[in-house]
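Down below is the structure, laid out as structure tokens.
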Amino acid sequence: MSPTRLPLLLASIHDVSPRFENEVDRLLELLQPYVGTQIAMFVVPNHWGDAPIVPRSPFANRLRRWADNGAEIFLHGFYHRDTSHHEAAGDRFRAQFMTAGEGEFLGLSRDDAAARIIRGRSLLEDVIGRPLDGFVAPAWLYGTGALEALRDCSIPLAEDHFRVWSPPSGRQLARGPVITWASRTNFRLLSSLAAAATLRHAPLGVLRIGVHPPDVRHARLVRSIGKTFRTATRKRRAARYSDLFLRA
Ligand SMILES: [Zn+2]
């Protein structure tokens, strides 16, 4: 098969923030042999309100270099932490039990979501000196307000756990679950290892793999991540999210 016809692999590093600078370095070292510079970085402007990205700081300069070298830069929430009060019981359950309070964009109104997107985008575009590639909500959780705000702000690309889409047109660009690892509890860790072992063989046109800073603290997860990328790149071409627009 010619390389351009191969199914795609999209790699992402979540929670890129000065708080996790060492972990992000280790993840880059782990992924680069497989995907080179075809990596999407999901960046949090001020993780938990006490890890701000300051323009012209050493971390901001590194972010710009990563972007200059080919990484795609996505805004990934603003604080990452869920600070809103959820009216609906279902949302409250999802926010607390699925994400340990990290679903920042689940309970925001349209205006509040838009304000955080605009503020985060302006900061990151100032730092990287180019337009943002997209937005991904923390824990992939979007409330109605967040979805409306993405359209209002003309964010070109967004993803949740099951799909990638372009908010201005609503066009779906890829579908299928993201392979990702969890380490908050032993049960989640074991489930994520089992899911990765199965999903890395899934016959999807676009396979997404997302890694998180805490993953590097667990040798079993690091081994599983390496094996998943090794397996996936045998039959797939590492690509950029924006390449999805070029596919028919
Ligand atoms: Zn995150």
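Just follow the structure's listing: the first ligand is 1, and inside any ligand the first atom is 1.
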(request) Let me know which of Val206, Val35, Leu207, Leu10 forms a side-chain contact (heavy atoms from CB on, under 4.5 Å) with Arg236. (result) Leu207
(message) Is the ring pair Phe42/His76 parallel, tilted or perpendicular, if the boundaries are 30 and 60 degrees?
(response) tilted
(request) Output yes when Arg116 and Asp111 qualify as a salt bridge under the 4.0 Å nitrogen-oxygen rule, no when they do not. (result) no
(request) Give a yes-or-no answer on whether the side chains of His47 and Asp15 include a donor-acceptor pair shorter than 3.5 Å. (result) no
(message) I'd like to know if the side chain of Glu159 pairs up with that of Trp140 as donor and acceptor (distance under 3.5 Å, no hydrogens or angles considered).
(response) yes
(message) Considering only residues two or more places apart or on different chains, which pairs with a residue in residues 192-227 satisfy ring-ring contact (aromatic ring centres under 6.0 Å, His included)?
(response) His14-His212
(request) May I ask you to list the protein N, O or S atoms found at less than 2.8 Å from the Zn ion (ligand 1)? (result) Asp15 OD1, His76 NE2, His80 NE2
